[in-house]
Every structure is written in C-alpha cells, then in structure tokens.
Amino acid sequence: MGLFGGSKQRETVMDTVVLKQGTQIPLTNVSPDFIQRARRDYPRQPKIGHVVPVAVGLKQGRITVWFDGHPVAEMGQRESAWYMDEFQALARRGKLGLTDAYVKWDGSKSPHALALNYGKNAAFGGGII
C-alpha cells in the first residue's frame, strides 16, 4: 500500500508462450521506427534479414506484433484467418506468443515477416502453440 492509503501502480505483465516457427508470414502496417531500430540494433542474417524477438497477440480483433511493449506491425487479413483460432485461444488464457520478426534490408523484394508454423487452420497441421 502506498503513502496515504493509495496503491502503487504496477506494470501489467502477461504470461508468454514460445510459438512454433516454420516459415515467414508477411506483415503489414510495419512501423518505420521499428524498421529503423531493427536495422540498427540487430545484425543482418543472409537470406532472412534482421531477426528481432517480438511478442504476438490480439489487439482489437487483429493479430498484432509487439516490440518493447508497443504495437509495431499487424498480420495481413488473409493470413490472420489461418491463425485467428489459436491467437484467440492464447488471448482467452491471457497469454502472448513469442517468436521472431524478420525485418528485411532496404531494397529487398520480400516483405517484412513473422516466423510462424505455416498452413490454413494451423492448429490442425502442427499448430503454433
């Protein structure tokens, strides 16, 4: 209990689970600040790009990528349909998934991506959880 009977503000902490990886799922609405920071702070790996550890979860019904506690990207609509059931299951449990984001180098023909197991209804093909 804080001074004068008030409680201290505590940071919200969520449980996490490491997600299964298998392929690169394209990201949309990627923050330019996140791209710049990834290219500056994380070494580039050949054919992959800058590998950045991120959290993934639901925010307002969209699969969202989080870095340093801030939303930095979203999964595209088509790909979201493949993974929505599993991310809803994680959200019901109050968990976020942990995986890697691949930030591509300037001039790359490939989109920035998220490392996840691949497939429609991913839960039935090995899943991500």
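Position 1 is the first residue of the sequence, and the numbers go up from there. The analysis underlying the following values was restricted to heavy atoms, covering all of them including side chains, and did not include hydrogens, waters or symmetry mates.
- The hydrophobic clustering, which links ILVMFWY residues whose side-chain heavy atoms are closer than 4.5 Å, places Trp66 and Phe87 apart.
- When each of His112, His50, Gln24 is paired with Lys104, the side chain to side chain donor-acceptor pair (under 3.5 Å) condition holds for Gln24 and for no other.
- Annotation: the span from Asn117 atom CG to Thr23 atom OG1 amounts to 9.0 Å, rounded to 0.5 Å.
- Looking at heavy atoms from C-beta onward, Tyr102 lies in side-chain contact with Val51 at the 4.5 angstrom threshold.
- Here the closest heavy-atom approach between residue Leu27 and residue Ala73 is recorded as CD1-CB, 4.1 Å.
- Distance check: Ile63 CD1 to Glu79 CD gives 9.5 Å after rounding to the nearest 0.5 Å.
- Within the 4.5 Å cutoff, the side chain of Leu19 has no heavy atoms near those of the Glu86 side chain.
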Mind running side chain to side chain contact (heavy atoms under 4.5 Å, CB included) on Leu116 and Trp82 for me, showing each step along the way? CA-CA 11 Å; Leu116 288 177; Trp82 299 340; over 6 Å; no
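- Here the side chain of Thr64 pairs a donor or acceptor atom with the backbone of Arg62 at under 3.5 angstrom.
- Rounding to the nearest 0.5 Å gives a distance of 5.0 Å between CG of Leu114 and CE of Met75.
- Hydrophobic clustering (side-chain heavy atoms under 4.5 Å, transitive across Ile, Leu, Val, Met, Phe, Trp, Tyr) keeps Val30 apart from Ile48.
- Val17 is not listed as a side-chain neighbour of Arg93, based on a closest heavy-atom distance of 4.5 Å or more.
- Within the 4.5 Å cutoff, the side chain of Val103 has no heavy atoms near those of the Tyr42 side chain.
- Here OH of Tyr83 is found 3.0 Å from CD1 of Ile25. Values are rounded to the nearest 0.5 Å.
- Minimum interatomic distance between Phe34 and Ala101 (heavy atoms only, all atoms of both residues): CZ-CB, 4.3 Å.
- The two residues Ala38 and Val52 have their closest heavy-atom pair at CB-CG2, 3.5 Å.
- Counting heavy-atom neighbours within 6.0 Å of Gln88 CD, excluding the residue itself, gives a total above 12.
- Here CZ of Arg37 is found 10.0 Å from CG of Asp33. Values are rounded to the nearest 0.5 Å.
- One finds the CG atom of Leu90 at 11.5 Å from the CG atom of Asp85 (value rounded to the nearest 0.5 Å).
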